[in-house]
Peer 1: 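Right, I'll just put the structure down here and ask away after.
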Amino acid sequence: MSHDITVPLYRAAHGRTGDKGDRSNISVIAWHPSLYPLLVAQLTPERVAACFRHRSPSRVQRFLLPKLQAMNFVLDGVLDGGVNDALNLDTHGKALSFLLLDMPIEVPPSLARQLAGQAPP
């Protein structure tokens, strides 16, 4: 009997971040098409909101882009007012994708070969 392995999201996907005012957009793109359904199942708006609870998002929306094996998350109210109003170090929110990409996900052994980077010990 094989058990799922736990890996950081960056092993299954890469990301891009953008911003507009107090809104951050984080795109998550699967490294391999076979990993996309797993990402859709595990990266829910609720789970992403929990990941960013310290930034107190007022709303988290997810938009699926299956032909690209990608999804886009729109997080409202996470940039302390935006570039002109924020006192935080990263007013653009460019580093927010790195926080999301560190989220642990569960991957069945049958998909382990599709992951980027080294295999877990």
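For the numbers below, each heavy atom of this structure counts, side chains included, while hydrogens, waters and symmetry mates do not.
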Peer 1: Any pair with a residue in residues 28-67 that passes ring-ring contact (aromatic ring centres under 6.0 Å, His included), sequence neighbours left out, goes on the list, sorted by first then second residue, please.
Peer 2: His14-Trp31
Peer 1: Look up atom CE in Met71 and atom CD in Gln69, then write down how far apart they are to the nearest 0.5 Å.
Peer 2: 10.5 Å
Peer 1: Which pair of non-hydrogen atoms, one from Ala116 and one from Tyr10, has the smallest distance, and what is that distance?
Peer 2: CB-O, 4.5 Å
Peer 1: Any chain of hydrophobic side-chain contacts (each under 4.5 Å) joining Phe73 to Ile29?
Peer 2: no
Peer 1: Suppose we screen for side-chain hydrogen bond (donor to acceptor under 3.5 Å, both in side chains). Which residues come up paired with Arg23, at least two apart in sequence or across chains?
Peer 2: Asp76
Peer 1: Check Val40, Asn72, Val48 against Arg62 for a side-chain contact (heavy atoms from CB on, under 4.5 Å) and give me the one that passes.
Peer 2: Val40
Peer 1: Rounded to the nearest 0.5 Å, what separation is found between the CZ atom of Arg55 and the CG atom of Leu96?
Peer 2: 5.0 Å
Peer 1: Using the test side-chain hydrogen bond (donor to acceptor under 3.5 Å, both in side chains), find all partners of Gln61 that sit at least two apart in sequence or belong to another chain.
Peer 2: none
Peer 1: Quick check for you: to the nearest 0.5 Å, what is the distance between Ile26 atom CD1 and Leu101 atom CG?
Peer 2: 8.5 Å
Peer 1: In chain order, what residues pass the side-chain contact (heavy atoms from CB on, under 4.5 Å) check against Ala12, with sequence neighbours excluded?
Peer 2: Leu35, Leu39, Ile105, Leu115
Peer 1: A quick test of your reading: do over 12 heavy atoms of other residues, nucleotides or ligands sit less than 6.0 Å from CZ of Arg16?
Peer 2: no
Peer 1: Grab the two heavy atoms, one from Gly77 and one from Ser58, that are nearest each other, plus how far apart they are.
Peer 2: N-OG, 4.0 Å
Peer 1: Output all residues satisfying side-chain contact (heavy atoms from CB on, under 4.5 Å) with Glu106, sequence neighbours left out; order by chain, then residue number.
Peer 2: Asp4, Thr6, Gln42
Peer 1: Within the structure provided, determine whether Val107 and Arg11 are in side-chain contact (heavy-atom separation under 4.5 Å).
Peer 2: no
Peer 1: I'd like to check Leu43 versus Leu9 (side-chain heavy atoms, cut-off strictly below 4.5 Å). Are they in contact?
Peer 2: yes
Peer 1: Which atom names give the shortest non-hydrogen contact between Pro57 and Ala49, and what distance separates them?
Peer 2: CG-O, 4.2 Å
Peer 1: Which distance, rounded to the nearest 0.5 Å, do you find between the CG of Leu68 and the OG of Ser27?
Peer 2: 9.5 Å
